[in-house]
Protein chains: 2
Amino acid sequence: MVNSKPTSRQRILAAAAAVASEAGASNLSLDAVAQRAGVSKGGLLYNFPTKAKLLQGLVQNHIDEFEISLAAATGAGNGASLLGAYLRSCVRECASDDTPPSGVLAALAEDPDMLEPVKLHKRRMLDRLAAETSNPSRMLRSFLIVEGLRSQTLLDIDVLTDEERGLVLATLMAEAEWADSAVMENAATT
Amino acid sequence: MVNSKPTSRQRILAAAAAVASEAGASNLSLDAVAQRAGVSKGGLLYNFPTKAKLLQGLVQNHIDEFEISLAAATGAGNGASLLGAYLRSCVRECASDDTPPSGVLAALAEDPDMLEPVKLHKRRMLDRLAAETSNPSRMLRSFLIVEGLRSQTLLDIDVLTDEERGLVLATLMAEAEWADSAVMENAATT
DNA sequence: TTAACTGTACCGTCTGGACGGTAATGTCAA
DNA sequence: TTGACATTACCGTCCAGACGGTACAGTTAA
């Protein structure tokens, strides 16, 4: 499942995301994806037997990528809280200007149920965060601010000025530090 | 533009939203909309000459509805701040369980640029809010929390439990009251 | 008379995906 | 070692159906 050289599957996934972002979420055609990926249509359908499978792959890929980024953030900050790692990971994601996850949009457009894995993932993330925090309301607020930021990149409605975004990201970073220290306190008193 | 009895145009818009939410954003076909609205296809195309026009109508309708709700909230709370009215309006929107704005999703799916009016509207709203507030960062945070909540209903990923949602909505209401009192203070010192 | 439709017939294009190849790469018995 | 077969990973073509949109003749309420 891990990659040494880009497999066809991975190239197809990347191509699909690119096509979706360029042509619009609902104009994701298999032909376009195949061409973009440098693969014949037959080859595409070998890797993803149906369009639905391709879209599910796109969604799963999105989740996996975030989980990897989160794991990196958890590993890096030693003794860091999960919420801290989560926020830092999201701040980095929002600050970077890599392509928005149009593949997810494409999946949503085709069938709303296809976001079920995303929903599950978010819910589980929320549970993990809730298990740790001493202040659920504060944690929830941070979580939703992140969701708000993400929705703007997802929908390609970047309404904030750089200044405003900077302001928000700074408070999120502060919130991350608070989360870390709160967890340490907790650990100290146990 | 205001309604006494539902015009064809309005029935079509409603039908389109219904079809979009049931069939998936990208499966919004003109035939289906016409049938759902109890209108012939010719009639549909009489009101909306192209599919793009229909989708634009859907988006505009969404914006208008919010603006109406906001106006009601501004009028009701006498002496209320704009941010207060905005937050109260959004809280009501999130608490009610009317159908999510699938029409907007359909427009987005077809062509990302179609959300430009939404983007503009949000940006203007933000400017209006910024002009009033004494604490931009705090205002921004509330704004983004709302965006986060909205994205969940828009994408039909309602991750929060009722308890969690209640918690967040309560803090938003508190924030609305703070906004009102802050404005009154400001008015008193001028 | 005109605006606001209805109803039907039709067209060109696009799309998912089924299908039948095929070349390269194992696998394994004799 | 080798020949026979199996599997993997594709290629290229074809097609039935859906969809947006056009055209146009007829209808009905104001």
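The sequence lines fix the lettering, A, B, ..., with proteins before strands; numbering per chain opens at 1. Please read all numbers here as calculations on a predicted model, not as lab measurements.
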Counting side-chain heavy atoms from C-beta on, which of C:dT15, C:dA3, C:dG7 comes nearest to B:S40?
C:dG7

Does A:F143 have A:R150 sitting over its ring (NZ/CZ under 6.0 Å from centre, angle to axis within 45°)?
no

Could you check whether A:L44 gets within reach of a base, just the sugar-phosphate, or nothing at all, counting any heavy atom under 4.0 Å?
nothing

Heavy atoms only, 4.0 Å cut-off, all strands: where does A:L30 land among base, sugar-phosphate and nothing?
sugar-phosphate

Is there side-chain contact between A:S151 and B:L154, with heavy atoms separated by less than 4.5 Å?
no

Please confirm whether the shortest side-chain N or O distance from [X] to OP1 or OP2 of [N] is below 4.0 Å.
X	N	answer
A:N47	D:dA9	no
A:S8	D:dC10	yes
B:T50	D:dG21	no
A:K41	D:dG12	no
B:Y46	C:dA4	yes

Strand-adjacent residues in residues 12-28 of chain B, judged by heavy atoms under 4.0 Å from DNA chain C:
none

Where each residue is assigned the nucleotide of DNA chain C containing its nearest heavy atom, which of A:S29 and A:G42 is assigned the position nearer the 5′ end?
A:S29

note: B:E110, atom CD; D:dC19, atom P; distance rounded to Å ~ 12 Å

Charged N to carboxylate O below 4.0 Å: is that the case for B:D180 and B:R88?
yes

